[in-house]
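Inspection log for the structure reproduced underneath, given as structure tokens.
Positions are given from 1, in the same order as the sequence printed here.
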Amino acid sequence: MSPLYRLYRYDHGDGTAKEWAYADLGNGTAQIRWGPAGRLRQTQSKPLPIALERAREKTLKGYVAVGRADIDATGAVALLSREGPDPRVPPTGPAAPKLAPKPARDIAALLGGDDDGFYF
């Protein structure tokens with residue numbers, strides 16, 4: 001029997017979604033899977049603390065904990081139960097505010113306005 005995964009989903013504004021999931025393998029490692037919603041074909045193994053930290057990072061990026069799921073070898077997802085995030089995942093604080101982009105600067109004006117193409 002395959003391990004049960006904790007499933008997270010990110011919904012895009014255009015109606016598509018991507019998912020990320022991890023399963024605690026019980027030996028200090030976790031199996032991580034990701035891909036488009038319903039087809040988590042990509043996989044990798046990581047130490048469990050790293051998987052838990054990534055789950056926290058995913059929630060900061062806007063992913064939502066969906067529940068527990070079974071994922072077969074082809075990546076097909078079968079949602080088994082809806083539940084909140086794993087209590088072992090550190091709580092997320094408010095996301096850091098995004099900084100406004102810096103205004104463009106006119107390099108020619110900064111260098112004296114000569115427009116012959118040579119600047120020293």
Side-chain angles (χ1 to χ4, degrees):
M1 180 173 179
S2 61
L4 290 181
Y5 288 81
R6 290 201 177 258
L7 183 66
Y8 293 79
R9 180 176 292 135
Y10 182 86
D11 293 311
H12 295 283
D14 63 1
T16 61
K18 59 184 176 179
E19 293 176 335
W20 182 90
Y22 74 93
D24 182 351
L25 300 179
N27 60 1
T29 63
Q31 185 75 28
I32 298 173
R33 306 217 33 175
W34 67 95
R39 296 180 311 273
L40 305 183
R41 292 187 181 129
Q42 297 183 27
T43 181
Q44 104 185 142
S45 294
K46 291 287 182 184
L48 182 59
I50 291 175
L52 295 175
E53 176 60 24
R54 282 196 184 166
R56 186 186 75 79
E57 292 169 358
K58 294 291 182 185
T59 58
L60 287 173
K61 290 180 179 180
Y63 282 74
V64 176
V66 176
R68 303 282 283 187
D70 183 35
I71 304 173
D72 68 15
T74 67
V77 177
L79 188 61
L80 302 176
S81 69
R82 293 190 178 273
E83 58 185 64
D86 188 342
R88 297 175 295 177
V89 174
T92 57
K98 293 186 177 183
L99 300 175
K102 292 184 179 180
R105 298 195 181 190
D106 182 2
I107 193 76
L110 291 172
L111 295 174
D114 290 340
D115 197 24
D116 60 3
F118 294 101
Y119 302 105
F120 301 156

If you compare all heavy atoms of [X] against all heavy atoms of [Y], which two are closest, and at what distance to 0.1 Å?
{"X": "Lys58", "Y": "Trp20", "answer": "CE-CD1, 3.5 Å"}
{"X": "Ala37", "Y": "Arg9", "answer": "CB-NE, 4.5 Å"}
{"X": "Tyr8", "Y": "Tyr22", "answer": "CE1-CE2, 3.9 Å"}
{"X": "Ile71", "Y": "Leu40", "answer": "CD1-CD1, 3.5 Å"}
{"X": "Asp70", "Y": "Pro3", "answer": "OD1-O, 4.1 Å"}

Checklist entry - Is any side-chain heavy atom of Lys18 closer than 4.5 Å to a side-chain heavy atom of Pro36? => result no
Next on the checklist: What I'd like to find out is whether the side chain of Leu7 reaches to under 4.5 Å of the side chain of Val77, using heavy atoms alone.
Outcome noted: yes
Checklist entry - Which residue pairs pass the salt bridge (charged side-chain N to carboxylate O under 4.0 Å, His left out) test with at least one member in residues 28-48, sequence neighbours excluded? => result none
Item to check | Under 3.5 Å: donor-acceptor pair, side chain of Thr43, backbone of Ile32 | outcome: yes
Item to check | Backbone of Gly38 reached by a side-chain donor or acceptor of Glu19 within 3.5 Å | outcome: yes
Next on the checklist: Starting from Leu79, can I reach Tyr5 by hopping between I/L/V/M/F/W/Y residues whose side chains sit under 4.5 Å apart?
Outcome noted: yes
Checklist entry - Can you name the residues that form a salt bridge (charged side-chain N to carboxylate O under 4.0 Å, His left out) with Arg54, not counting sequence neighbours? => result none
Item to check | Gap separating the CG atom of Asp24 from the CG atom of Leu4, nearest 0.5 angstrom | outcome: 11.0 Å
